[in-house]
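Let me begin by presenting the structure, written as structure tokens, before commenting on it.
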Amino acid sequence: MGKAERMERQPDYEAIVIGTGFGGMGAAIELKRQGIDSLLLLDRNDDLGGTWHVNRYPGLAVDIASFTYSYSFEPNPWWSRLYAPGAELKKYAEHVADKYDLRRHMRFNTVVRKAVYDEANRLWSVQLAGGEPLTARFLLTATGFLSQPKKPDIAGIESFRGKVIHTAAWDHGYELQGKRAAVIGTGATAVQLLPKIAPKLAQLDVYQRTAIWVTPKLDGPIPLALRRLFAALPSTQRSARLVSSGLLEAIMVTGVLHNRELPLLTRTMERVCRAHIARQVKDPALRGKLTPDYSFGCKRPTFSNTYYPTFNRPNVELVTDGIARIEPDAIVTHDGRRRPIDTLILATGFSLWEENFPAIQVIGRGGKDLGAWWRGTRFQSYEGIAIPGFPNLFSLNSPYAYNGLSFFTTIEGQMKHIARLIGELRRRKARSFEVSEQANDAFVADMKQRLEHSVFVNGNCASSRSYYFNQHGEATLLRPTSTISGLRRASRFPLKDYHFA
């Protein structure tokens with residue numbers, strides 16, 4: 001052993017995971033499976049669950065069938081509905097943390113400011129707000145894809161004297177009954193929210209910049225007898241999961257990723273959505289405003305049976321004129337009309353590429369700044385998890401990471417990648433890994449070539465304002481392969497693509 005190795009500092013923890021949502025917990029479960037018990041999970045919030053802890057707005061529910069939205073190794077037979085409400089996801093997260101002994105590793109109300117790789121000691125130094133730095137051999141960033149709430153840059157918004165609520169920080173103590181409210185945004189959150197709050201309000205103005213494709217929602221309570229069957233015979237729930245996942249794959253994933261070869265799938269889904277609007281909205285002018293002018297799949301679609309009927313209510317107005325400014329008690333649109341309000345609800349989503357990739361400053365080998373590198377070159381990663389120049393880093397929310405439609409498919413693929421890489425480190429008796437630039441470049445080139453077949457390239461996406469696209473105009477969020485292919489690759493990627501030391 002050389003002198004440099006003898007002088008290497010021992011870390012405070014073998015691994016630090018930033019984030020205690022389902023991604024962070026999945027990574028921690030895999031680390032523990034690999035025998036790593038010296039680990040710490042950090043979270044800026046006051047409890048676990050990630051988005052299912054932070055988001056509590058009325059109508060919150062999964063937009064993927066409950067059979068599919070869970071860890072495959074930890075099925076929940078007790079979902080109350082085909083699309084479970086948010087509170088049940090929070091409860092499921094707590095169950096997972098307890099069963100897999102994760103709580104003792106968690107530290108809440110802890111803000112991570114920066115992570116820097118110490119080349120001399122081959123450790124990550126994690127710098128906390130108001131605290132001493134912590135060190136770890138492995139760093140796993142699991143801050144989620146949608147974790148940085150986005151506030152609109154609208155003139156005068158700071159002057160508004162009424163109540164302002166962002167859907168990511170809902171105030172259940174504020175009474176909406178009889179209020180005049182404006183909701184800015186018509187994405188997936190608004191689709192769930194509007195039908196719940198509209199009946200309470202004296203007036204609801206909904207400001208739409210981009211319409212969203214909405215399909216019928218095959219939802220309903222899961223009978224108790226079926227839940228008991230799932231609990232007694234887990235294979236029955238696995239079968240339901242397989243069917244649900246297969247349908248989503250055939251209709252959504254295949255249609256989006258193979259648009260060049262199968263444009264009929266996209267057009268069929270657009271016809272389904274238009275028929276759905278026609279059944280529920282009789283006013284042709286209103287129907288036209290609610291119909292997207294971009295191809296299905298350019299922006300994530302959603303499901304609802306109650307969203308469109310909300311606009312038939314006499315107290316609801318859809319506003320498509322742009323907002324000129326916000327005044328202390330009103331919103332003024334570009335046509336000069338002034339609409340008085342006392343409540344402003346921001347359903348404006350999250351800042352994905354600007355603030356979330358990465359969510360903290362990450363400095364790798366040679367002072368390489370991850371965020372600056374991504375923005376200065378292109379958003380890229382190897383297999384959606386590793387980045388050249390960043391040894392011993394598992395970046396769980398990276399370009400090309402999202403595999404399939406259910407986030408749990410992404411998580412479990414990354415767990416497989418972690419297991420394969422940690423296992424190889426042990427076999428070689430090595431302390432660090434780093435993906436090679438050549439392997440990263442080859443993977444990114446392959447992803448770009450595959451995207452040439454997708455709706456993102458062949459469809460009409462110009463007006464979609466989709467968060468799938470980064471500021472370089474590239475759709476680098478989703479992995480453009482089949483879900484099964486992504487999972488298989490996670491267990492079989494070439495180990496020669498990594499340098500071990």
Would you mind telling me which of L48, D43, L40 makes a side-chain contact (heavy atoms from CB on, under 4.5 Å) with M106?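 Going through the options one by one, the only one that passes is L48.
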Take a 6.0 Å sphere around [atom1] of [X] and say whether it holds more than 12 heavy atoms from other residues, nucleotides or ligands.
X    : atom1 : value
Q471 : CD    : yes
E132 : CD    : no
K163 : NZ    : yes
K91  : NZ    : no

Whether the side chain of S381 engages the backbone of P399 through a donor-acceptor N/O pair (distance < 3.5 Å, no angle test) should be reported.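 Yes, S381 side chain to P399 backbone: donor-acceptor pair under 3.5 Å.
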Donor-acceptor contact present, side-chain H276 to main-chain W213, <3.5 Å: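 No, H276 side chain to W213 backbone: no donor-acceptor pair under 3.5 Å.
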Would you check if there is a donor-acceptor pair between the side chains of T135 and D12 at a distance under 3.5 Å?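 There is such a pair between these side chains.
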No-hydrogen, no-angle side-chain donor-acceptor test under 3.5 Å, T266 and N259: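 There is such a pair (donor and acceptor under 3.5 Å, judged by atom type) between the side chains of T266 and N259.
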Do the ring centers of Y467 and F350 come within less than 6.0 Å of each other?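 Aromatic pair excluded; centres sit 6.0 Å or further apart.
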Compute the ring centroids of F407 and Y69, then answer whether they are less than 6.0 Å apart.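 No, ring centres 6.0 Å or more apart.
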Scan Y294, F379, F456 and name whichever one has a ring-ring contact (aromatic ring centres under 6.0 Å, His included) with F469.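 The single option meeting the ring-ring contact (aromatic ring centres under 6.0 Å, His included) with F469 is F456.
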Do the side chains of E94 and K90 get close enough for a salt bridge, i.e. N-O under 4.0 angstrom?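 Salt bridge: yes.
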